[in-house]
Number of protein chains: 2
Amino acid sequence: MFPAMRSTPPREAAPATTPAASLVFTTLLSHGPLTRAEIGRRTMLSAAAVTKAVRPLMEVGYLVEGADDGARPALGRPANPVRVDAGRALFIGIKVTGDEIIAVLADLCCRIRVARHVRLTARGPQAVLPRITALVQELLTEADGFGVRVRGLGIAVSGDVDRTRGVVRYSPFLEWRDIALAEIVETATGLPVTVDNDVRALTVAEQWFGAGVGLSHFALVTVGAGIGCGLVVHGRVVSGAHGVAGEIGHLSIDPLGPPCHCGNNGCVEAIAADPAILREVRKATGKPVHTAAEALALAHEGDPGVRDVYARAGEAIGRAIGSVVNVLGPERVIISGEGLAAYDLFAEGIRDALAASAFGAAAQCDVMTRPLPFEEWARGAAATAIQSFIGSDTY
Amino acid sequence: MFPAMRSTPPREAAPATTPAASLVFTTLLSHGPLTRAEIGRRTMLSAAAVTKAVRPLMEVGYLVEGADDGARPALGRPANPVRVDAGRALFIGIKVTGDEIIAVLADLCCRIRVARHVRLTARGPQAVLPRITALVQELLTEADGFGVRVRGLGIAVSGDVDRTRGVVRYSPFLEWRDIALAEIVETATGLPVTVDNDVRALTVAEQWFGAGVGLSHFALVTVGAGIGCGLVVHGRVVSGAHGVAGEIGHLSIDPLGPPCHCGNNGCVEAIAADPAILREVRKATGKPVHTAAEALALAHEGDPGVRDVYARAGEAIGRAIGSVVNVLGPERVIISGEGLAAYDLFAEGIRDALAASAFGAAAQCDVMTRPLPFEEWARGAAATAIQSFIGSDTY
DNA sequence: TTCTTTCATTGACAGCAGAAAAGAACAACC
DNA sequence: GGTTGTTCTTTTCTGCTGTCAATGAAAGAA
């Protein structure tokens, strides 16, 4: 209906041509194998529309009729479940941090096939971009081994990213400003490139392939070096009018709390992010603790001061989640991030603070945790590439 | 496309039959008179589609060709602006509070033609419902004087309201639980009834007819007896998965702050809502101050203790807005409510606290105030009725 | 007067999805 | 074993919506 945003390169063989086809495809991606009748019920499409949407997708091989091996209702004509052929297409997802690049090769169902990471010594675009293209080439040759083409590349970067234009407006960690990343990498690699904020990319992965499947309102909270939050409202990822959203790390929880690098006092990030926890642990123990793992070990040894630091951090996170819950009323909050390793220490604080701050029915919100392997961020980037490939209007 | 939610009563003469017609109508409602060419540009519809959408609407009189009397470009064929005939239909909006009912008769452009209010002595449904129907009858006879039919009725109630089912799930102020308000009033009055939460209704009015026109992301903050917030994300009003959203009144700003009726400490509402301000003013002055007007008068007389109370309240509001801005990144925040009378006293606190807490580009958010006449809440209810009448898919 | 420019309308056309009916594949029942 | 019933799936037909391209309309400019 609308002309393509960027014209190069041509998206040959876009799988879904009509809105209905797109809808059917995304439904199948998220909800495993389904019979055509079931697809019709879920998408509110007529049976005829489903048939007409499925056929061309099966002809080009993105969908296959596959065994559901689930319990059948034993009455009426047996159903023929349809599923996405995960191996029919590959995607590359890349996450760029201040000191490393993580890259994965993922299939159409966003399962990781190959993972790579390289350390970075310099973070300027001139230094990083060649490393990205080299890594992409490496994964492209890997993909040849599967005999399947790579159909898209997603790149996740922290900071202010304009996905529709493919531009990194400002990334504090990388010290990048106004880099037309999608365009550059597209010309360098020949792949369709999608660029997005890292937390949003992770949120997309959860929305389509994770704990957010089927929910139109949820929040994804990441705990680690920073505290972030991805939001899905009305079934769409929230980007904010100025590219900033979900900045719960800088909610000020306590006006008398420790100063934050943002200039404010008592930000969640100044209490519960890794650097803040390390600082407090050093203060409590007097020991030169320099990694999250060391701090965690001390806590697990039972050091009461250290445990107290984690308890306070958990409380701050819980209150931040409480703010999100009160403001948006999501159906579910997914907690993830490297900091999840300390979840047992956070848990009580989070639960209590959330219970205290959630107002009324907002407290019915379901809170769950999800482990975050280090490739997960890159997988999120791959998910954005898959999303672009499908041509979903969810974005 | 979908079957009607409730079948009774039949929505005769629904103005917009096709999605395009609905889009054109809402565009014209929000953006005054427009030429057909301009409508096409704004809606991304072809000129042909606009012509075909406009014609039937003009035939039944909802749209008229009217003078734009604006500057014309002086080149090419002169344009024929089209506008909504505000007087072609009337709507009733009703706001129910704990101690009064406010009702307005509004035209299709949501301009108030008649306003009424009655005090309530009891707040149970058995007591209130007859008053509502009586008030509706009164306004219906008023409408006869205009020679135009009333096409819909909107009711706004504070608390947890399920608009799609027309049910008040729980209203703390009214002490109502699970009242099928829409159904009851529909059968009593014969009008199509829309029931919604009061803050959301006000948000709808701003979105279609106020300072939120054309914005897909904004927040409406109401200050007064309570502190509330309506949110529009991706062009749609946020209701939350459990009917609760925008509860910024119960964001906990200061763990050491005054206790709130919700059980938590330092809630915004426990610092900046009218009752909290009165309590603090009494504490500061020792005088038996019992109304917001008295407190305001003291502040304007220059009492430093009282001014300080307002300053702290302003700061709390500013930090609450900061939270919303950080979480959602809206394009604009509209501050309104009865408490706006004291805005000059709040202003500095709001501005400073917001500037301190807004992170990065989120600070670009535009903050503005809007006076709130007492009928405005009822006008919001009328706006929801108009929205239902148009059959907009925005909801 | 004729050209240019912009606005508006018309009729033909293509695409998408729904309705209804037919076909397919099984279980249960007599 | 045939019939009936149930559910899934496909086919055919139809209606509707919005786009395209061509045409007409109304002004100012050359």
Side-chain angles (χ1 to χ4, degrees), chain A residues 1-4 14-28 31 33-59 63-83 391-393, chain B residues 1-4 14-28 33-59 63-83 391 393:
Chain A
M1 200 186 308
F2 296 103
T17 53
T18 74
S22 197
L23 194 59
V24 167
F25 204 152
T26 58
T27 306
L28 281 171
H31 303 273
L34 291 175
T35 70
R36 292 171 175 80
E38 185 59 30
I39 295 171
R41 270 181 297 254
R42 300 210 190 201
T43 56
M44 307 283 285
L45 256 52
S46 71
V50 174
T51 293
K52 277 180 284 195
V54 166
R55 192 181 8 236
L57 288 170
M58 278 188 46
E59 273 165 11
L63 300 184
V64 290
E65 281 188 332
D68 192 5
D69 51 68
R72 49 175 40 175
L75 192 60
R77 170 178 172 173
N80 242 9
V82 178
R83 64 181 171 80
S392 152
D393 55 351
Chain B
M1 199 186 308
F2 296 104
T17 54
T18 76
S22 198
L23 194 58
V24 168
F25 204 152
T26 59
T27 306
L28 281 171
L34 291 174
T35 70
R36 293 171 176 80
E38 185 59 31
I39 295 171
R41 261 171 253 136
R42 301 212 188 199
T43 56
M44 309 282 284
L45 256 54
S46 70
V50 174
T51 293
K52 277 182 279 198
V54 166
R55 195 187 358 242
L57 288 171
M58 279 188 46
E59 274 165 10
L63 299 184
V64 289
E65 281 188 330
D68 192 8
D69 50 68
R72 49 175 40 176
L75 190 59
R77 169 179 171 174
N80 240 9
V82 179
R83 63 182 171 80
D393 56 352

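Each chain gets a letter, A, B and so on, in the order the sequences are listed, and its residues count up from 1. Everything numeric in this text was worked out from a predicted model, so none of it was measured.
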Query raised in the report: What is the minimum heavy-atom distance between A/V50 and A/R36, and which atoms define it?
Result: CG1-O, 3.7 Å
Query raised in the report: Taking all non-hydrogen atoms of both residues, which atom of A/A79 and which atom of A/T35 are closest, and how far apart?
Result: CB-CG2, 3.1 Å
Under 4.0 Å between a side-chain N/O of [X] and OP1 or OP2 of [N], yes or no?
| X | N | value |
| --- | --- | --- |
| B/T51 | C/dT9 | yes |
| B/S46 | D/dC20 | no |
| B/R36 | C/dT9 | yes |
| B/R41 | C/dC7 | yes |

If I take atom [atom1] in residue [X] and atom [atom2] in nucleotide [N], what distance separates them, rounded to the nearest angstrom?
| X | N | atom1 | atom2 | result |
| --- | --- | --- | --- | --- |
| A/E65 | D/dT9 | CD | P | 8 Å |
| A/M44 | C/dA19 | CE | P | 12 Å |
| B/M58 | C/dA8 | CE | P | 11 Å |
| A/L45 | C/dC16 | CG | P | 12 Å |
| A/N80 | D/dT7 | CG | C1' | 13 Å |
| A/I39 | C/dG18 | CD1 | C1' | 17 Å |

Report task. Determine the contact category for A/A49: base if any of its heavy atoms lies under 4.0 Å from a base atom, sugar-phosphate if only primed atoms, P, OP1 or OP2 are that close, otherwise nothing. Result -> sugar-phosphate
Report task. Could you tell me whether A/A47 contacts a base, only the sugar-phosphate backbone, or nothing, with contacts defined as non-hydrogen atoms closer than 4.0 Å? Result -> base
Query - Residue from A/V82, A/T27, A/T43 passing side-chain contact (heavy atoms from CB on, under 4.5 Å) with A/L34 - result: A/T27
Query raised in the report: With a 3.5 Å cut-off and just heavy-atom distances, do the side chain of A/K52 and the base of C/dG15 make a donor-acceptor pair?
Result: no
**Report entry** Verdict with reasoning, A/M58 to A/R55, per side chain to side chain contact (heavy atoms under 4.5 Å, CB included)
**Finding:** CA-CA 5 Å; A/M58 278 188 46; A/R55 192 181 8 236; 5.8 Å; no
Query raised in the report: Just wondering, do A/R83 and A/L28 contact through their side chains at under 4.5 Å, heavy atoms?
Result: no
Of the nucleotides [options], which one has an atom closest to the side chain of [X]?
| X | options | answer |
| --- | --- | --- |
| B/R55 | C/dA17, C/dC7, C/dT10 | C/dT10 |
| B/A48 | C/dA17, D/dT17, D/dC20 | D/dC20 |
| A/A37 | C/dT10, D/dC8, C/dC16 | D/dC8 |
| B/R77 | C/dG11, C/dA8, D/dT9 | C/dA8 |

